[in-house]
Amino acid sequence: MICGIFALVLAVWYWIRFFTRYPERTVRDVYPFFRRIEGEVLKAAFRPEPEDAFRTTLSAAEFKKWQQKRIHLAMHLCRDISANSHLLQRWAMYERHEKGQLHEDTVREGLRGFQIASMHARTAALAVQLRLRFRLVRIALLPMLPVPSFSTLVEHSNSLIEFYHTAETLADVLSKVYGEEIHENIFAVLGMLDLDLDGLGN
């Protein structure tokens with residue numbers, strides 16, 4: 001009975017969201033909703049190197065609280081990446097389905113790659129956020145275990161950063177088609193373009 005009520009409420013909620021969703025996402029509908037993410041801040045949020053210094057200078061309780069705050073910050077950035085990637089994905093879909101015939105073949109192929117890159121970034125953000133959430137659960141339910149380190153998340157976080165960097169780079173390239181004004185507006189909200197991917201740890 002309870003499960004049935006929950007399923008009904010969930011179905012109604014998705015029905016409401018479907019019929020009140022944002023209409024087509026043109027290029028002018030991207031930058032007003034975009035959440036700027038600084039590339040260096042994103043990279044630093046997932047680096048495990050600061051942990052050793054803080055582990056030696058803080059008490060066990062203080063270090064655990066510090067690490068919890070880092071996890072929450074990383075989750076916040078993942079939510080922003082997911083939201084931005086959804087925006088970019090919807091924009092790419094609009095360009096492909098509504099205006100695809102107006103573009104050259106190379107641009108249409110680029111749009112497909114743009115949509116895929118945005119989907120990859122969104123999926124990676126959700127996956128990393130889930131792993132971070134499990135770390136918070138572990139800290140809360142199993143306090144006798146060592147505080148989880150970001151070192152076990154390096155491969156996943158690097159993939160997330162690379163996917164999102166690709167999506168923002170392609171957004172910058174595509175916006176140039178619409179002229180200088182539009183490109184400047186898009187460029188102003190993109191924070192990953194100057195990020196040095198060679199600096200990512202392995």
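Along the sequence shown, residues carry numbers from 1. Quantities reported herein were computed from a predicted structural model and do not represent experimental measurements.
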Checklist entry - Under 3.5 Å, is there a donor-acceptor pair between the Tyr164 and Asn84 side chains? => result yes
Next on the checklist: Would you say that Arg138 contacts Pro146 through its side chain, given a criterion of any heavy-atom pair below 4.5 Å between the two side chains?
Outcome noted: yes
Checklist outcome for this item: Heavy-atom nearest pair, Ala121 first then Leu160, reads O-CD1, 3.7 Å
Checklist entry - Aromatic ring centroids of Trp66 and Phe63 under 6.0 Å? => result yes
Next on the checklist: In the structure I gave you, are the side-chain heavy atoms of Phe46 and Asn158 within less than 4.5 Å of one another anywhere?
Outcome noted: no
Item to check | Atom of Val30, atom of Leu87 and distance for their closest heavy-atom approach | outcome: O-CD1, 4.0 Å
Checklist entry - Under the side-chain hydrogen bond (donor to acceptor under 3.5 Å, both in side chains) criterion, do Glu162 and Ser159 qualify, and how do the steps go? => result CA-CA 5 Å; Glu162 289 170 0; Ser159 296; 5.0 Å; no
Item to check | Minimum heavy-atom distance between Cys78 and Val128, given as atom pair plus value | outcome: SG-CG1, 3.7 Å
Checklist entry - Is the number of heavy atoms from other residues, nucleotides or ligands within 6.0 Å of CZ (Arg133) greater than 12? => result no
Checklist entry - Mind checking whether Ile139 and Ile71 have side chains closer than 4.5 Å, heavy atoms only? => result yes
Next on the checklist: Is the positively charged end of Arg25 above the ring of Phe33, judged by distance under 6.0 angstrom from the centroid and angle within 45° of the axis?
Outcome noted: yes
Item to check | Distance (rounded to the nearest 0.5 Å) between Glu51 CD and Gln67 CD | outcome: 4.5 Å
Checklist outcome for this item: One should read off an interatomic distance between Ile37 CD1 and Asp80 CG, to the nearest 0.5 angstrom, of 5.0 Å
Checklist entry - Given the rule in the side-chain hydrogen bond (donor to acceptor under 3.5 Å, both in side chains) test, do Thr26 and Asp29 qualify, once you have shown the distances and angles that lead to the verdict? => result CA-CA 5 Å; Thr26 70; Asp29 302 313; 2.8 Å; yes
Next on the checklist: Is there a path of hydrophobic side-chain contacts, each under 4.5 Å between heavy atoms, that joins Val173 and Leu193?
Outcome noted: no
Checklist entry - What distance do Glu95 atom CD and Arg90 atom CZ have between them, rounded to the nearest 0.5 Å? => result 13.0 Å
Checklist entry - Any side-chain heavy-atom pair from Leu111 and Gln115 closer than 4.5 angstrom? => result no
Next on the checklist: Could you check whether any side-chain heavy atom of Leu153 comes within less than 4.5 Å of a side-chain heavy atom of Arg135, counting everything from C-beta outward?
Outcome noted: yes
Item to check | Hydrophobic cluster identity match, Ile81 and Leu197, side-chain contacts under 4.5 Å | outcome: yes
Item to check | Within 6.0 angstrom of Arg28 CZ, more than 12 heavy atoms from elsewhere | outcome: no
Next on the checklist: Could you tell me if Arg70 sits above the aromatic ring of Phe150, with its cationic atom closer than 6.0 Å to the ring centre and no more than 45 degrees from the axis?
Outcome noted: yes
Checklist entry - Salt bridge or not for Arg36 and Glu38, using N-O below 4.0 Å? => result yes
Item to check | Backbone N/O of His86 and side chain of Arg122: donor-acceptor pair under 3.5 Å | outcome: no
Checklist outcome for this item: Shortest non-hydrogen pair, Ser149 vs Pro48, comes out as OG-CB, 4.4 Å
Checklist outcome for this item: CE (Met93) and CZ (Arg112) are apart, to the nearest 0.5 Å, by 14.0 Å
Next on the checklist: To the nearest 0.5 Å, what is the distance between CD on Glu168 and CZ on Phe187?
Outcome noted: 10.5 Å
Next on the checklist: Is there a side-chain contact between Leu136 and His72 in this structure, where contact means two heavy atoms from C-beta onward sitting under 4.5 Å apart?
Outcome noted: yes
Next on the checklist: Looking at Pro148, is its backbone amide N or carbonyl O close enough to the side chain of Thr152 to form a donor-acceptor pair, meaning the two atoms are under 3.5 Å apart?
Outcome noted: no
Checklist entry - Taking side chain as C-beta onward, heavy atoms only, is His183 less than 4.5 Å from Glu181? => result no
Checklist entry - Which heavy atom of Ser157 sits nearest a heavy atom of Val154, and at what distance? => result OG-O, 3.0 Å
Next on the checklist: Looking at every heavy atom in both Ala124 and Phe163, which two are closest together, and how far apart are they?
Outcome noted: CB-CD1, 4.0 Å
Item to check | Minimum side-chain heavy-atom gap Asn185-Val189 below 4.5 Å | outcome: no
Next on the checklist: With rounding to the nearest 0.5 angstrom, report the CD to CD1 distance, Gln89 to Ile116.
Outcome noted: 10.5 Å
